[in-house]
Amino acid sequence: MSINIYNTLTKKKEPFVPIEEGKVSMYVCGPTVYNYIHIGNARPAIVFDTVRRYLEYKGYDVKYVLNFTDVDDKIIKAANDLKEEVGTVAQRFIDAYKQDVHALGVKEAAHHPRVTESMGEIIDFIQVLVEKGHAYESEGDVYFRTRSFDEYGKLSHQSIDELRSGARIQVGEKKDDPLDFALWKQAKPGEIAWESPWGQGRPGWHIECSAMAKKYLGDTIDIHAGGQDLTFPHHENEIAQSEAANGTSFARYWMHNGYINIDNEKMSKSLGNFVLAHDLIEKHDPRVLRFFMLSVHYRNPINFSDELLQGAKNSLDRIVNAYENLEHRKQSSTDLDKSQDKWQAKLQDYQQRFDEAMDDDFNTANAIAVLFDITKDANIYLQSDHTSKEVIEAFQSLLEKLLGVLGVDLVANTDSLLDEEVEALIEQRIQARKDKNFALADKIRDDLKDQNIILEDTPQGTRWKRG
Ligand SMILES: Nc1ncnc2c1ncn2[C@@H]1O[C@H](COP(=O)(O)OP(=O)(O)OP(=O)(O)O)[C@@H](O)[C@H]1O
Ligand SMILES: [Zn+2]
């Protein structure tokens with residue numbers, strides 16, 4: 001059976017057919033890095049990582065790209081408030097993002113493009129739009145001419161007339177039509193800026209994703225994803241820019257996750273009703289947060305509460321306990337068990353049911369229900385007088401494999417080192433080298449690498465970063 005994906009573009013579940021057999025290109029809109037992420041921001045990171053993991057489990061080679069918006073109004077404001085450089089603030093929160101999502105079991109992306117490192121591609125992209133008559137300069141700004149793109153509104157299923165009736169030109173905007181949007185913004189005095197054919201300025205938000213997706217994944221990508229609030233205007237505008245410039249379809253499947261709410265209101269930085277992922281991870285095993293997110297279908301809203309999180313913890317504990325009981329029982333098990341075939345067949349059936357749930361638009365809630373059934377059966381099996389090592393191992397390896405698809409390790413993840421711990425290890429390594437204990441120095445370097453921490457020895461000393 002094929003994987004069916006709910007496509008926001010068609011409002012239907014459609015069988016997934018990649019552009020190139022066996023390969024999937026996936027672009028996920030990443031964070032604007034001016035603050036720590038809250039658990040709402042963690043939701044797209046976790047659900048689309050799970051989509052990726054399932055595609056990989058099904059044998060696809062997935063190229064996953066997630067961008068960082070490292071210059072925009074909010075970051076500039078944060079930098080001014082903190083009296084720091086924009087780049088310093090952005091780097092701090094990129095590191096924090098990587099640390100948080102790594103702790104949450106999110107696999108590393110193939111590329112993490114940043115706006116400030118993609119200025120050439122962004123300017124070229126805007127130039128093509130200007131040349132093709134889809135964009136115009138106005139007093140140092142450049143705007144996309146929305147009415148030049150006939151299909152504008154197709155993702156959010158709104159007609160251009162409906163959209164226009166609600167739009168107003170804001171003070172300071174120099175555009176012809178209220179629906180036009182900025183591709184390039186002239187710099188205000190003293191603001192961070194880049195040189196362009198239209199003078200000093202910086203890109204608008206939407207254009208970065210069109211330019212970076214093209215650079216890393218080509219004109220047409222398989223899956224484009226993000227939170228539901230990005231559907232309009234961000235993704236609508238990405239489609240307009242990319243299809244107008246490239247003359248071909250931009251993304252075949254558009255996926256959007258639902259919100260994490262608090263008291264039925266969207267968790268957001270601006271409302272101040274947020275729980276930082278970082279704080280939650282310090283108090284709870286990060287696997288619980290991941291498991292909690294996946295216990296609801298990704299398109300449904302989640303109303304966050306401590307009780308729900310506790311419920312997820314109890315559920316995960318049940319699975320982990322069964323796994324550990326299997327481990328204990330393994331030693332006293334023999335190879336002689338006549339019921340072996342029956343259990344092996346049952347386990348195969350469970351895997352099939354898990355796959356069916358995931359094939360149905362990545363229904364992790366139903367997939368987790370299958371994991372509970374396996375757990376229940378494992379407990380029943382453990383009550384038999386005679387248990388077979390092979391059946392025990394089959395139970396364990398199925399649980400490992402299927403939880404692995406959900407990105408949940410059966411063994412607690414202790415590898416999210418704090419900055420101070422990394423620095424202490426680096427000190428130890430420096431000492432080891434002074435002592436000519438190169439074996440220890442290399443071991444520390446390798447251990448850190450396993451934790452996604454890269455060391456760089458420079459004449460000024462050892463620098464480190466999260467990979
Ligand atoms: N409450 C939420 N539930 C689920 N996803 C969310 C929530 N808030 C933001 N997202 C998603 O998080 C990702 C990161 O977005 P970004 O850093 O731009 O956050 P944001 O939208 O500015 O957050 P906020 O709304 O808190 O200001 C986006 O895909 C966005 O759709
Ligand atoms: Zn985007």
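Numbers for residues simply follow the sequence, beginning at 1. Note: hydrogens, waters and symmetry copies are ignored here, and every other heavy atom, side chains too, is used. Counting starts at 1 for both ligands and their atoms, in listed order.
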**Q.** Per-residue contact class, Asn257 against ligand 1 - non-hydrogen pairs under 4.0 Å
**A.**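 The side chain, only.
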Q: Examine the proximity of ligand 1 to Asn41 and report which part, side chain or backbone, both or neither, has a heavy atom under 4.0 Å away.
A: both
Q: Going by heavy-atom distance to atom 13 (C) of ligand 1, choose the closest among Pro44, Gly227, Gly40.
A: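 Result: the heavy atom closest to atom 13 (C) of ligand 1 is in Pro44.
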Q | The one among Asp229, Leu66, Asn261, Ile262 that brings a heavy atom closest to atom 30 (C) of ligand 1 | A |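 The residue whose heavy atom sits nearest atom 30 (C) of ligand 1 is Asp229.
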Q.
Could you check whether Glu208 and Ser118, counting side-chain N and O atoms only, form a donor-acceptor pair closer than 3.5 Å?
A. no
Q. With the Zn ion (ligand 2) at the apex, how many degrees lie between SG of Cys29 and NE2 of His234, rounded to 10 degrees?
A. 120°
Hey, does [X] come in under 3.5 Å of ligand 1, counting only N/O atoms on both sides?
| X | value |
| --- | --- |
| Pro31 | no |
| Lys269 | yes |
| Arg43 | no |
| Lys266 | yes |
| Gln228 | no |

Q) Applying a strict 4.0 Å limit to heavy atoms, is Gly258 in contact with ligand 1? A)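 True for this residue.
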Q: Check if His256 has a non-hydrogen atom at a distance under 4.0 Å from any atom of ligand 1.
A: no
Q) Got a donor-acceptor contact below 3.5 angstrom from the Arg445 side chain to the Leu455 backbone? A)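 Answer holds: yes.
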(Q) With a 4.0 Å cut-off on N to O distance, would you call Asp176 and Arg147 a salt bridge? (A)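 Result for this pair is no, no salt bridge flagged.
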